[in-house]
Asker: 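Just dropping this structure here.
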Amino acid sequence: MSSTEDICVVVPTIREYECMRAYFDNAREHGFDLDRLHVLLVTEDFCDTEEMAAMLEDEGVSGEVFDGSRREEWYENHGIAEYGHVVPAASHAETSFGLLYIWANDFDYGFFIDDDTLPHEDFDFFGRHMRNLDYDGEIEEVSSDENWVNVLYQNFEDHGLYPRGYPYAAMDETVETTTTEVSDVVASQGLWTNVPDLDAVRILMDGDLRGQAQTRTSKDDYTNDFVAAEGNYLTVCSMNLAFEREVIPAFYQLPMDENKWDVGRFDDIWSGVFLKRACDVLGKTIYNGFPLCEHNKAPRSTFGDLNNEVPGLELNEHLWEIVDRTAASADSYAGVFEALATELAEGDFEQYENGAFFNYVGEYMLDWLAALDELESLQTTPAVADD
């Protein structure tokens with residue numbers, strides 16, 4: 001890490017890593033300093049890591065490639081091998097490795113970019129996110145009588161879409177907007193055009209069997225940036241997201257896919273619910289809207305996604321209610337997250353389908369905080385002098 005590299009860009013990828021060339025071109029076109037970036041490609045052992053590294057070298061951008069084997073080595077070298085399980089293998093939630101990496105290397109900012117996206121030419125992708133994080137002033141504030149904000153509310157009458165993770169019980173909400181003053185922005189969520197980020201049930205209702213949805217979004221569906229009011233939750237998708245280092249203790253991407261309940265597809269959704277609670281408790285802000293990215297989701301079986309989502313659908317309806325009554329007196333991101341983790345780890349959720357998964361998640365959340373503490377202690381422990 002050089003003195004100019006203050007941003008770590010985390011890209012989970014097994015196929016379309018070349019999309020990053022478009023993001024680098026966007027930075028050059030808009031005059032954003034690529035020397036600020038360090039790109040972390042998080043991949044698997046069956047992928048060609050040499051080609052990925054060659055792409056970064058060809059672009060002249062600092063970065064590293066971590067497959068599963070190299071991640072295991074990293075855990076060993078950083079003294080947290082006992083916590084390696086907090087990052088699931090071959091899962092989108094392996095973005096949590098990027099958070100550990102950022103924490104260990106003192107980057108000021110992180111970006112999450114999915115490999116099936118492209119930047120819009122008319123947006124300074126990196127620059128706009130950084131300006132959002134620095135924003136201090138007036139912005140539209142959105143709330144609803146269901147305490148949930150649909151991030152696609154602006155043109156809802158035309159497309160009728162609810163994003164992946166939006167609770168079914170919170171649909172048909174009454175939306176209210178006003179203007180508020182914000183400061184202390186700690187996360188910037190950019191939204192998306194082309195293929196909307198929907199869950200499988202909603203994709204099936206849209207008549208699509210290839211996992212994409214027939215209804216598409218365009219730039220015209222978005223009119224302005226906004227924040228969700230205090231006490232209101234929203235879906236946070238990690239395909240187009242920037243954040244400050246300080247949120248990492250409360251931004252763990254939850255363990256999905258490889259669990260005995262087969263719960264998947266809620267890693268970034270639930271982490272967003274936790275982050276929003278932390279922001280409300282601590283007086284921080286999640287900024288939403290621009291810059292947009294173009295989401296080019298590859299065709300795949302809608303029923304495959306449905307199989308991954310169904311085990312967690314009921315839990316998703318109730319997680320936010322548990323979160324909303326917890327951690328009110330906490331005074332730090334870690335404090336909020338520990339309170340949430342303890343509530344989940346020790347709670348009785350037998351009334352829900354797969355309710356024990358909440359206990360499992362809570363235990364992993366506590367391990368997440370322990371891993372961060374261990375990394376921090378290793379950074380601050382002075383080296384022993386040789387005699």
Asker: Salt bridge or not for D108 and R245, using N-O below 4.0 Å?
Answerer: no
Asker: Salt bridge or not between D199 and R202? Use side-chain N to carboxylate O under 4.0 Å.
Answerer: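 Here D199 pairs with R202 in a salt bridge, since their nearest N and O are under 4.0 Å apart.
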Asker: When you check the gap from the basic side-chain N to the acidic O, do K284 and E246 get nearer than 4.0 Å?
Answerer: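 Salt bridge flag = yes for E246 with K284.
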Asker: In sequence, state the C-alpha distance, the side-chain angles, and the governing distance for L191 and V151, and then conclude on side chain to side chain contact (heavy atoms under 4.5 Å, CB included).
Answerer: CA-CA 8 Å; L191 300 175; V151 296; 4.1 Å; yes
Asker: So with a 6.0 Å cut-off around CD of E173, is the heavy-atom count from everything else above 12?
Answerer: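 Atom CD in E173 is crowded, with more than 12 foreign heavy atoms closer than 6.0 Å.
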Asker: Ring centres of Y83 and W368 under 6.0 Å apart?
Answerer: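 Ring centroids of Y83 and W368 are no less than 6.0 Å from each other.
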Asker: Would a distance-only check, ignoring hydrogens and angles, find a side-chain to backbone donor-acceptor pair under 3.5 Å from D124 to G127?
Answerer: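 Present.
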Asker: Tell me whether R216 at atom CZ has more than 12 heavy atoms from other residues, nucleotides or ligands lying less than 6.0 Å away.
Answerer: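 For R216, atom CZ is crowded (more than 12 foreign heavy atoms under 6.0 Å).
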Asker: Pairs in or reaching into residues 151-160: which pass salt bridge (Lys or Arg N to Asp or Glu O under 4.0 Å), with residues at least two apart or in two chains?
Answerer: none
Asker: So if I apply the side-chain contact (heavy atoms from CB on, under 4.5 Å) rule between L99 and each of V247, V86, I248, which one comes out positive?
Answerer: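 Passing option: I248.
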Asker: Are F226 and T177 close enough, and set up right, to give a side chain to side chain contact (heavy atoms under 4.5 Å, CB included), and what steps lead you there?
Answerer: CA-CA 9 Å; F226 63 94; T177 62; over 6 Å; no
Asker: Could you check whether F251 and W103 have their ring centres less than 6.0 Å apart?
Answerer: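 Distance test on ring centres: not under 6.0 Å, no.
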Asker: Is K297 salt-bridged to D116, cutoff N-O under 4.0 Å?
Answerer: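 Between D116 and K297 there is no salt bridge, as every charged N stays at least 4.0 Å from the carboxylate O atoms.
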Asker: Can you give me the closest heavy-atom contact between D197 and C237, atom names plus distance?
Answerer: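 Of all heavy-atom pairs spanning D197 and C237, the closest is OD2-SG, 3.4 Å.
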Asker: Would you say the side-chain atoms of E29 pair up with the backbone N or O of E121, donor to acceptor, closer than 3.5 Å?
Answerer: no
Asker: Taking CE in M205 as the centre, count heavy atoms belonging to other residues, nucleotides or ligands within less than 6.0 Å. Is the count above 12?
Answerer: no
Asker: Looking at E59 and R28, does any basic side-chain N land under 4.0 Å from a carboxylate oxygen?
Answerer: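 Yes.
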Asker: Looking only at atom types and distance, does a side-chain atom of T174 sit under 3.5 Å from a main-chain N or O of D145, one as donor and one as acceptor?
Answerer: no
Asker: Quickly, which of T285, N132, D134 forms a side chain to side chain donor-acceptor pair (under 3.5 Å) with S188? Name it, please.
Answerer: N132
Asker: Looking at E353 and E314, what are the two nearest heavy atoms and their distance?
Answerer: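 The pair with the smallest heavy-atom distance is N-OE1, 2.7 Å.
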Asker: Between CG of D114 and SG of C19, what distance do you get to the nearest 0.5 Å?
Answerer: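 Answer rounded to 0.5 Å: 8.5 Å.
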Asker: Strictly distance-based, threshold 3.5 Å: is any side-chain N or O of H295 a donor or acceptor partner for the main-chain N or O of V195?
Answerer: yes
Asker: Let me confirm one number: the CZ-OH distance from F111 to Y23, rounded to the nearest 0.5 Å.
Answerer: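 Going from CZ on F111 over to OH on Y23, the span is 10.5 Å.
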Asker: Is the backbone N or O of I286 less than 3.5 Å from a side-chain atom of N288, with the two atoms forming a donor-acceptor pair by type?
Answerer: yes
Asker: Does a donor on one side chain sit under 3.5 Å from an acceptor on the other, for T43 and Y17?
Answerer: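 There is no such pair between these side chains.
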Asker: Verify, without hydrogens or angle tests, whether N296 (side chain) and L118 (backbone) share a donor-acceptor contact under 3.5 angstrom.
Answerer: no
Asker: Just checking E321: does its CD atom have more than 12 heavy atoms from other residues, nucleotides or ligands closer to it than 6.0 angstrom?
Answerer: yes
Asker: Using every non-hydrogen atom in the two residues, find where Y333 and L282 come nearest and quote the distance to one decimal.
Answerer: N-CD1, 3.6 Å
Asker: Report yes if the side chains of D136 and V182 come closer than 4.5 Å at any heavy-atom pair, otherwise no.
Answerer: no
Asker: Determine, for E294 against K219, whether the closest basic-nitrogen to carboxylate-oxygen distance falls under 4.0 angstrom.
Answerer: no
Asker: Tell me if the centroids of the rings in Y109 and F243 come within less than 6.0 Å of each other.
Answerer: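 Ring centres of F243 and Y109 not closer than 6.0 Å.
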Asker: Is it the case that the ring center of Y101 lies less than 6.0 angstrom away from the ring center of H38?
Answerer: yes
Asker: Flag yes if more than 12 heavy atoms outside Q214 fall under 6.0 Å of its CD atom; otherwise flag no.
Answerer: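 Yes, because the 6.0 Å sphere around CD of Q214 holds more than 12 heavy atoms from other groups.
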Asker: Scan side-chain atoms only and decide if E5 and S62 contain a donor-acceptor pair under the 3.5 Å cut-off.
Answerer: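 S62 and E5 do have a side-chain donor-acceptor pair below 3.5 Å.
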Asker: Is it true that atom CD of E317 has more than 12 heavy atoms of other residues, nucleotides or ligands lying nearer than 6.0 Å?
Answerer: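 Result for CD/E317: enclosed.
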Asker: Between N77 and E73, is there a donor-acceptor pair closer than 3.5 Å when you use the side chain of the first and the backbone of the second?
Answerer: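 Side chain of N77 to backbone of E73, a donor-acceptor pair under 3.5 Å: yes, one is there.
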Asker: Establish, from distance only, whether the side-chain atoms of D324 and Y233 form a donor-acceptor pair under 3.5 Å.
Answerer: yes
Asker: Between H85 and Y364, does the ring centre distance come in under 6.0 Å?
Answerer: yes
Asker: Are D67 and R71 ion-paired here, with the side-chain N under 4.0 Å from a carboxylate O?
Answerer: no
Asker: Quick one: does any side-chain atom of H120 pair with a main-chain N or O of W192 as donor and acceptor, under 3.5 Å?
Answerer: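 No.
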Asker: Would N232 and S143 count as having a side-chain donor-acceptor pair, cut-off 3.5 Å?
Answerer: no
Asker: Between the side chains of R21 and D58, is the shortest nitrogen-to-carboxylate-oxygen separation below 4.0 Å, so that they form an ion pair?
Answerer: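 Yes.
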Asker: Do N147 and W320 come close enough that some side-chain heavy atom pair is under 4.5 Å?
Answerer: yes
Asker: If you look at every heavy atom in P255 and Y360, which pair is closest and at what distance?
Answerer: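 Residues P255 and Y360, closest heavy atoms: CG-CE2, 4.1 Å.
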Asker: State, to 0.1 Å, how close E44 and S91 come at their nearest heavy-atom pair, and which atoms those are.
Answerer: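 It is OE2-N, 4.5 Å.
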Asker: Report yes or no: does R265 contribute a side-chain atom to a donor-acceptor pair with the main-chain N or O of N307 at less than 3.5 Å?
Answerer: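 Not confirmed, R265 side chain does not pair with N307 backbone.
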Asker: So which heavy atom on P291 is nearest to which on F125, and how close?
Answerer: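 Of all heavy-atom pairs spanning P291 and F125, the closest is CG-O, 3.7 Å.
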Asker: When you measure from the centre of the six-membered ring of F66, is the NZ or CZ of R70 under 6.0 Å away and within 45° of the axis?
Answerer: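 Yes; both conditions hold, so R70 lies above the ring face of F66.
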Asker: Apply the test side chain to side chain contact (heavy atoms under 4.5 Å, CB included) to residues I139 and T179: give CA-CA distance (whole Å), side-chain angles for both, the deciding distance (0.1 Å), then the verdict.
Answerer: CA-CA 6 Å; I139 193 170; T179 300; over 6 Å; no
Asker: Regarding N316 and W270, do their side chains bring together a donor and an acceptor under 3.5 Å, going by distance alone?
Answerer: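 There is such a pair (donor and acceptor under 3.5 Å, judged by atom type) between the side chains of N316 and W270.
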Asker: Here's a test for you: under ring-ring contact (aromatic ring centres under 6.0 Å, His included), which of W261, F349, F266 qualifies with F358?
Answerer: F349
Asker: Under 4.0 Å between a Lys/Arg side-chain N and an Asp/Glu carboxylate O for R128 and D225?
Answerer: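 Looking at D225 together with R128, the answer is yes, because their closest N to O distance falls below 4.0 Å.
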Asker: Would you say T95's side chain and H92's backbone share a donor-acceptor pair under 3.5 angstrom?
Answerer: yes
Asker: Pair S238, Q253 - check side chain to side chain contact (heavy atoms under 4.5 Å, CB included), show working.
Answerer: CA-CA 9 Å; S238 63; Q253 308 294 292; 4.2 Å; yes
Asker: Do Y162 and Y168 have their ring centres less than 6.0 Å from each other?
Answerer: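 No, they do not, as the ring centres are separated by 6.0 Å or more.
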